[in-house]
Structure formats: C-alpha cells, structure tokens
Amino acid sequence: MLQNKRILLIISGGIAAYKCLELIRRLREQGAAVRCVLTKSATEFVTPLSVAALSGDKVYGDLFSLTDEHEMGHIHLSRDADLLIVVPATANILARMAQGIADDLATTVLLATDKKVMAAPSMNVRMWEHDSTVSNLENLRRRGIEILGPDSGDMACGEFGEGRMVEPAEILAAIQAHFKDDGRLSGLRALVTSGPTHEPIDPVRYIANRSSGKQGHAIASALARLGADTTLITGPTREHDPSKVEVVHVETAREMLAACENALPTDIAVCAAAVSDWRVTQEADQKIKKDGSEPSLSLTENPDILRTLSQPGNDRPRLVVGFAAETGDVIEKAVPKRKTKGCDWIVANDVSPGTGTFGGDANQVHLITETGSESWPQMSKQEVADMLVRRIADHLHPPAAAE
Ligand code: C5P
C-alpha cells in the first residue's frame, strides 16, 4: 500500500502519456496522493481536465503563471512530495534533465528537488539508441535517477524495437518497491557524520580535504526516509541540508566530536566524514604575515570520532559504521581498520586519483563486516546510501523477525 505517500507525477509530451491516466488511478487506489505537472507538449496528448479529474487535484503546468507560483511554487511542489516520477519521459525531457535545463515548470521542479526521481522513457528506437540519449541516460543513472525500462515491441510510429514505455503496472511495482522499506527504522535514532573538517591555521586560512559530503548526506537522507530519527553532523560542504534530518553544522574535528557526543545516545552511528587527522597545534589569532621566512606548522593529532563512538559503554550505538577511503589495496587496508577502530562495519572505497570518488556522484565500495567482505558494483552515492541503509535495517530488524 502507498497510504499517505505523496507522488509528484511529471507528464511529458509522448504518445504514451495516455497511460498516465491508468497510473494515476492505480496509485490512488493504493492510497497515494498524486499531484501532476504537465509539460506544454503533454497537453497535446492528455487534457489537464482528465488528469485533474483522476488525480483529484489541480494540475500544474506554467512556471510563469501567477496563480500556480502563488499557490504552489516550484520549490514547494518538490518539497511536498515523497517521490518524483517522469511518465512518460521523452528524449527531450531526459536531455533537459541531464543538462540541468530548467525552462518550464516540470524541469525547474526536477532541478530544484532533492527527492528521489524515477523516469519511464518512451521514444522511437532510433532516438533511444542515439548517442546523445545514451550519454544522457548514463549521466542520469550516475546521479541516482532510477530509469524504468523501456520495453521492446511495436511502436506507435510503426517501427519495432526498444523504446516502448513500460506498462503502468510495472511503474506501480517500482514505486511500491521504493517505499517498501519505509518505516523499518522508525523508533530508532541515528547519527551521521559527513563532509570534511576545516582546521584553522589563522583567522583566514585552514587545513581541509577534498570530501564533498555527498555520500554522508545521502546516508542521512536514506536513514530518515526509513523512519530513523536522524542527526547529521557535517563539516563545511556545498550540499543542502536534507529534509526530515536534524543538521548540525561544525567546522573542526573537535566540534564534530562534541556534536556527536551531544547527539548520543543513538542506535546507529555512521561516520562518513573525512575528519582531518591533525589540527594546527597553536592557531594564530592574527593573520600570519609573509616576511620572507619559511613558516612551519606544528600539528597535533585530532580525536578519532569513530574510535570514540565505538568504545564499549552504555552510550555505544548498537551499530557503528566507519568509512575507509584508501588508495591501492583497499580491502587489505580496510579489514584491520574495523578492529583498530572498534566499529562493527567498515565501508571501504578507492579514492585514488582518476576514480572520481571525491566530489563525484558515483562510488564503488566494499562492505566489511565481522563475517568478511563483499564488493558492491559501481553505483551512484544515493544508491550506495540506500543499499547500506537497507542492510542496516536488515541487521537491526532481520526480515523474518519483522514479520
Ligand atoms: O583513520 P582513517 O581516517 O582512515 O579512518 C576513516 C574513518 O574514521 C572514517 O569513518 C572517518 O569518519 C573516521 N574518523 C574519525 N575521526 C578521525 C579520523 C577518522 O571519525 N579523527
């Protein structure tokens, strides 16, 4: 059932747009609230009136309409949804999504959202196989957009091949699968560290690292989506605060540790931050001036937050997960780290130059637990987060026991 789930359905202008009507009906039968945005060309295939009648809501379409923006701006449309799905997704809207073009309400909402996005492509086989579409799809998948289908078969244009939109029943099944874990972590508390730390040298300079915070933020979002009461403790990043997460912004490792201790007790701790190993022993209170000499910095080791949280005691979270960013023999280096840190699991990844892990959208990780290590395929950071959090839920509430 999709009781109380809010689906934002974006309908673009393809021949398969009529199938949306059945999808809306089925979603509502399952208890979902469906709000629809139509592109201008979608209105050539389905009428706003039939979409409004079936969804039981006003239909949105015009970015520059005073009423639409007044009643429900593009930011609110995404904020008030649990999932965005583009059905059908034409080659054109996929290209605009891939390039971040926001020239109508539909694409502006898609650019403004931090929610999960799915898309069901629908187009002629030659358009589907065109290099542009292939690279746009690659780009969208890497960013975590879930692509449903397409199927092969006879097409409205008289050709045969891949590009036919998957049936509404299959789209409904994918939406149900997306929500199936929801609530599995409700009643539990989680803390996540993310991003780099900044260790001041003087009032204007600091030591930092290349961490973007994308992986840690995605994990916090995924934990919250499964119902955990989640606190994200983050160093300075360009990431937005995830919704439904309490976010504490810090700069230094010592501030991060204090914020973590403040968030305890929790059931789950995931330390994804790239904490600076050292801080400057004596921060200068004035900007250090050039005077022709070669200045040197004396460094002091920072507290190890993961090790501290892993220490046995009443406040120890039931599951502590660390990360190991390594170069070279990633698994061999990460396995002993689980023991030295005292944590339960380690997520190890290769951050060698050229992997694009630092700052990029994709990640290839190995999960190291007490029973051994397993390598996951290359995925978007959002997919890594979803899979890790599902594993956390299985560990804390084994599926059989959850029945
Ligand atoms: O020792 P290393 O930095 O390789 O360990 C990485 C793991 O330890 C990550 O989970 C990171 O968040 C955590 N860590 C920490 N505090 C530190 C250094 C690392 O929590 N001072």
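Since the structure is predicted, the reported quantities are computational estimates derived from the model, not experimental observations. Start at 1 and go down the list; that is how both ligands and their atoms are numbered.
Using modelled atom types, one finds a donor on one side chain and an acceptor on the other under 3.5 Å when comparing Asp241 with His249. Defined by atom type and a distance below 3.5 Å, a donor-acceptor pair is missing between the side-chain atoms of Thr133 and Asn136.
Ordered by chain and residue number, the residues placing a heavy atom less than 4.0 Å from ligand 1 are Cys271, Ala273, Val275, Asp277, Pro303, Asp304, Ile305, Leu306, Gly322, Phe323, Lys337, Lys341.
Remark: side-chain polar atoms of Thr281 are paired, donor with acceptor, to backbone N or O of Ser298 under 3.5 angstrom.
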Query raised in the report: Where do Glu29 and Arg25 land on the salt bridge (charged side-chain N to carboxylate O under 4.0 Å, His left out) test, with the steps shown first?
Result: CA-CA 6 Å; Glu29 271 170 14; Arg25 188 179 57 74; 2.7 Å; yes

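In Gln282, the CD atom is not crowded: 12 or fewer heavy atoms of neighbouring residues, nucleotides or ligands sit closer than 6.0 Å.
With sequence neighbours excluded, the residues forming a ring pair (Phe, Tyr, Trp, His ring centres under 6.0 Å) with Tyr206 are His198, listed by chain and number.
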